[in-house]
Amino acid sequence: SSPLFRLRSGEIWCARCQKRVIVVREGQDVTIAASDVLLSSLEQTLLHKLSELNEMMKAEVDLGRLRELSALLSGLLDNLARIRRMTGRRAG
């Protein structure tokens, strides 16, 4: 009996428990809904790690370490792109 809100992103949010809501219709596979939640969580984790990596790169002066961080950045961005392709979300 809690109010649900549809965000501009299309996600449904519960105002009471402050969590994303996945609507599963009768006959729909719950596994698909669970995988959507997992992919969304992975996307948020990658965005957080990209932000942390950005701060590390700003402060780094050692070129060897910058090369390592750059390789890590590339891998994280590749993974983010894969997740977004799987979920149909655009890069934002």
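Note that this is a predicted model, so its numbers are computed, not measured.
Shown here are the side chain to side chain contact (heavy atoms under 4.5 Å, CB included) partners of Leu42, two or more places apart in sequence or in another chain: Leu38, Leu39, Ile83. For Glu52, the side chain to side chain contact (heavy atoms under 4.5 Å, CB included) criterion is met by His48, Lys49, not counting sequence neighbours.
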Show me the donor-acceptor pairs within less than 3.5 Å that the side chains of residues 53-62 make with the rest of the protein, sequence neighbours left out.
{"unit_1": "Glu55", "atom_1": "OE2", "unit_2": "Lys58", "atom_2": "NZ", "d": "3.3"}
{"unit_1": "Glu60", "atom_1": "OE2", "unit_2": "Asp62", "atom_2": "N", "d": "3.1"}
{"unit_1": "Asp62", "atom_1": "OD2", "unit_2": "Gly64", "atom_2": "N", "d": "3.2"}
{"unit_1": "Asp62", "atom_1": "OD2", "unit_2": "Arg65", "atom_2": "N", "d": "2.7"}

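To the nearest 0.5 Å, atoms CG (Leu76) and CG (Leu50) are separated by 5.0 Å. Atom CG of Leu80 sits about 10.0 Å away from atom CZ of Arg85, to the nearest 0.5 Å.
When side chains are defined from C-beta on, Leu69 does not count as touching Leu73, because their heavy atoms never get closer than 4.5 Å.
Its side chain within the 4.5 Å cluster rule, Leu7 clusters with Trp13 among the Ile, Leu, Val, Met, Phe, Trp and Tyr residues. Cluster partners of Phe5 are absent, since no Ile, Leu, Val, Met, Phe, Trp or Tyr has side-chain heavy atoms less than 4.5 Å from it.
Applying the side-chain hydrogen bond (donor to acceptor under 3.5 Å, both in side chains) rule to pairs touching residues 70-80 yields Asn79-Arg82, sequence neighbours excluded.
A salt bridge links Glu43 with Arg84; the closest basic N to acidic carboxylate O contact falls under 4.0 Å.
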